[in-house]
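Notes for the one structure printed next.
Please read all numbers here as calculations on a predicted model, not as lab measurements. Because only heavy atoms are used, hydrogens play no part in the values below, and waters and symmetry mates are left out as well, while side chains stay in.
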Amino acid sequence: MEYAFLIAALLGGLALFIFGMGLMTDGLREASGSGLRTVLARAGRSPLLGILLGTVLGTLVHSSAATVMLVGFVNAGLLSLAETVPATIGSCIGTTISMQAVSLKLGDYCYFAIALGFIISAVSRQPRNRQIGRALLGFGLLFLGMNVMSEAIRPHRDALQPLLAVVDGRTWQGTLIGLGVATALTAVWQSSGATIGMCFALTSAGVFTELHQVFPIVMGANIGTCATALLSSIGTHIEARRTAVSHLLFKLITVALALGLRPWILQLSHVSSSDLIHQTANMNTLVMTLGALVVLPFWKLHAIVVRFLVPSRGQPPEPSHLDPILLK
């Protein structure tokens, strides 16, 4: 019975975390209105502008949601595959910045955010203010979910530590186990933030005590989050599907670089902070920035490689800017 309550608390805390993150993302997206669509439309003007606007977008709505929007734009003919590459890279960096905010130990203040967000969303007559209130409410629920998971795990950390000891970034076997599990879980709940948030909760509870333990999990979360865009591209034309594959290819290249350079990445992340949760967030940002520095100069080549990996016998259909499905 004790373990049944533990599982229920973990799942409940995770549900709060995912729901809070979704509520925060939706609130920010709705509060921004057409601004996000304008950001995406301008992202194709230059690679530097694309990565900058993509970073802003990824910070607000995370890379998976941003890539879904990019898939829709390509399907509508508003952007080409090559033009989405810098924006996709930027959104991946932006997601790590949002997780930097999650890594702050704000759990004690979550109830203030929940109460204030609820009051604003319930009382305000301005639609934008109500959406900001929803975003604040989601932000508070996100941290409440982390608190629930941490408090549930803490009494059982001595029993959980040997079970999770197989996840070890210092060995290839431990790295592959952590990478595979984290990829699968992230693909199921379609949120890298949820997986990394769970990692933060395990760290806060004292189950994870070393950076090499969380390294494979963070890398797997970054791969697993590509499932969202891949699923959203089903039923779209070939260029839109290639946009989702482009996101996956960038993540695979980045994770491969991180695996090859893991001793140096772990060392740099370790000296960046004395707190393991902050080290994890810094490591995530460092890895995505490294991937961006490697891939961005070759963004056109990246698009060519994607077209080679996802061939098509026919030409993509002519762009229809009035696609009824995407008109809203």
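- Atom OG1 in Thr289 sits 10.5 Å away from atom CG in Asn282 (nearest 0.5 Å).
- Here Cys226 contributes atom SG and His247 contributes atom NE2; the two are 4.0 Å apart, rounded to the nearest 0.5 Å.
- A 4.5 Å side-chain heavy-atom check between Ile114 and Phe143 finds every atom pair outside the cut-off.
- Contact of the Arg262 side chain with the Arg170 side chain is not registered, since no non-hydrogen atoms from C-beta on lie closer than 4.5 Å.
- Under the 3.5 Å distance criterion, the side-chain polar atoms of Ser121 are matched with a main-chain donor or acceptor of Phe118.
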- For side-chain contact (heavy atoms from CB on, under 4.5 Å), just list the numbers for Val85 and Leu296, CA-CA rounded to whole Å, side-chain angles, deciding distance to a tenth of an Å, and then say yes or no. CA-CA 8 Å; Val85 173; Leu296 186 61; 5.9 Å; no
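- Contact record, Thr195 with Ala182: CG2-CB, 4.3 Å, taken as the closest heavy-atom pair.
- Inter-residue side-chain proximity for Val167 and Val181 is flagged as unmet; no heavy-atom pair is nearer than 4.5 Å.
- The ring-ring contact (aromatic ring centres under 6.0 Å, His included) pairs that include a residue from residues 257-287 number zero, where partners must be two or more places apart or lie in different chains.
- Side chain to side chain, Gln131 and Arg128 fail the donor-acceptor criterion of an N or O pair below 3.5 Å.
- Atom CG in Leu257 sits 11.0 Å away from atom CE in Met219 (nearest 0.5 Å).
- For the pair Asn284 and Asn222, the minimum side-chain heavy-atom distance is below 4.5 Å.
- Under the 4.5 Å side-chain criterion, counting only non-hydrogen atoms from C-beta, Ile217 is in contact with Phe208.
- Of the possible donor and acceptor atoms, one in the side chain of Arg130 sits under 3.5 Å from a partner among the backbone N and O of Arg125.
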- Task: Step by step, work out the side-chain contact (heavy atoms from CB on, under 4.5 Å) result for Phe17 and Val148.
- Result: CA-CA 9 Å; Phe17 187 96; Val148 170; over 6 Å; no
- Please lay out, stage by stage, how Met149 and Phe200 fare under the test side-chain contact (heavy atoms from CB on, under 4.5 Å). CA-CA 10 Å; Met149 288 188 288; Phe200 288 166; over 6 Å; no
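- Taken from CD1 in Ile265 to NE2 in His212, the straight-line distance is 15.5 Å, to the nearest 0.5 Å.
- Looking only at side-chain heavy atoms (C-beta outward), Met288 and Phe250 come within less than 4.5 Å of each other.
- Note: Arg242 CZ to Thr84 OG1 = 12.0 Å, rounded to the nearest 0.5 Å.
- In this structure, OG in Ser269 is found 5.0 Å from CG in Leu286, a value given to the nearest 0.5 Å.
- Between His302 and Ile89 the shortest side-chain heavy-atom distance does not fall below 4.5 Å.
- For the pair Ser91 (side chain) and Gly58 (backbone), a donor-acceptor distance under 3.5 Å is absent.
- Put simply, the side chain of Ser232 gets close to the backbone of Ala229: a donor and an acceptor are under 3.5 Å apart.
- Between Leu290 and Thr254 the shortest side-chain heavy-atom distance does not fall below 4.5 Å.
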- Please walk me through it: do Leu164 and Gln213 pass side-chain contact (heavy atoms from CB on, under 4.5 Å)? CA-CA 9 Å; Leu164 294 176; Gln213 294 175 291; 6.0 Å; no
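- Across all their heavy atoms, Ser80 and Val74 have their closest contact at O-CG2, 4.2 Å.
- Looking only at distances, no side-chain donor or acceptor of Thr225 sits under 3.5 Å from a matching main-chain atom of Ala221.
- Proximity of a side-chain donor or acceptor of Ser233 to a complementary backbone N or O of Leu230 within less than 3.5 Å is detected.
- In this structure, Ser150 contributes its side chain and Asn147 its backbone to no donor-acceptor pair below 3.5 Å.
- By the 30° and 60° cut-offs, the orientation of the rings of Tyr109 relative to Phe112 is tilted.
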